[in-house]
Amino acid sequence: MLILNKKSDLSAFLSPLSHQNKSIGFVPTMGALHDGHLSLLKKSLEENDVTVMSIFVNPTQFNNANDLEKYPRTLEEDVKKMGKISDSIIVYAPSVSDIYEGNTVSESFEYDGLEHQMEGQHRPGHFDGVGTIVKRLFEIIKPTTAYFGEKDFQQLQIVKKLVALYVIPVEIIGCPIFREANGLAMSSRNERLSENARKKAASIFEILQQAKLKFEKQSVSETIQFVKKEFEKHPEFELEYFEIADETTLLSTEVKEPNKKYRGFIAVFIEKIRLIDNISLN
Ligand code: PAF
């Protein structure tokens, strides 16, 4: 395994491979790797000549200083986990200055309105930070294919839009959500939950699955009311939002239209830790 901290070293390593037309698979992460990340890594290893994984806790996508400070940083363990899968992974673990060169600010992006919904509304500036880092990583690594998890479904749609708007020659692959045995969507933030909260957080996916059943027979507003009521029964949670939105535009809907794909999107706090999840509804 090759671990590089400088973009100049990474570019020097990758550029001859690009010239030889080798396919470069890329898995961007903020570390604290779990099986969801590892599934992306395995897919990239299967499908490409070379696989790069970045581990970088990107400061510009955090709108909450406490969340940034508490974000788990576990590079040594992450490297061990990768080593169990393959010793040919290229790890890029840069410092903030290697990426931002003394100017740790986001560029501004418009993603045809995708940025105004859900996470964009509740985490101002978040998608500017995501766009900034993803675009820079694409410029440095020049991957042929990049892999993103569907847990951050809005992020996935935004990255696809970014690539289209900036005509970046990379294929974006969305991969299914990985869940813990109790259904909780895997997330690096789960590390910060107490054992008890981690058990209780299973309710998030249980309620989403029930919402899917409701949605088959009932209206959008009835389904939303159902979810809100269910969370009222669980005072340990603070529901930030549950929205039903068109999968492509991410616009919330009040009516079901034929031939449209809908998804339920949720953000909840438990023990002051913010968890997100989503489910395909039809
Ligand atoms: O999904 C994440 O972990 C991050 O948002 C990403 C894509 C690595 C950018 O920092």
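As a basis for the values below, the full set of heavy atoms in this structure was taken, side chains included, without hydrogen atoms, waters or symmetry mates. Atoms within each ligand, like the ligands themselves, are counted from 1 in listed order.
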Closest protein heavy atom (residue, atom, distance) for atom 3 (O) of ligand 1:
M30 CG, 3.7 Å
Which of the numbered atoms in ligand 1 are below 4.0 angstrom from a heavy atom of I133?
9 (C), 10 (O)
Would you name the heavy atoms of R123 and R274 that are closest together and state the gap between them?
CD-NH1, 3.5 Å
Q155 heavy atoms, cut-off 4.0 Å: which ligand 1 atoms fall inside?
1 (O), 2 (C), 4 (C), 5 (O), 7 (C)
Mind checking whether N58 has an N or O less than 3.5 Å away from an N or O of ligand 1?
no
SB check K272 D67 (cutoff 4.0 Å)
no
Going by the order shown, which atoms of ligand 1 are within less than 4.0 Å of some heavy atom of P28?
8 (C)
Smallest heavy-atom separation, K43 atom then C175 atom, equals CD-SG, 3.9 Å
Q61 heavy atoms within 4.0 Å reach ligand 1 at atoms 4 (C), 5 (O), 9 (C), 10 (O)
Which atom pair, heavy atoms only, marks the closest approach of P28 to S54?
CA-OG, 3.2 Å
Tell me whether K256 contacts the main-chain N or O of F215 through its side chain, where contact means a donor paired with an acceptor under 3.5 Å.
yes
Sub-3.5 Å N/O-N/O distance, T29 and ligand 1:
no
So does K80 pair up with E77, basic N to acidic O under 4.0 Å?
no
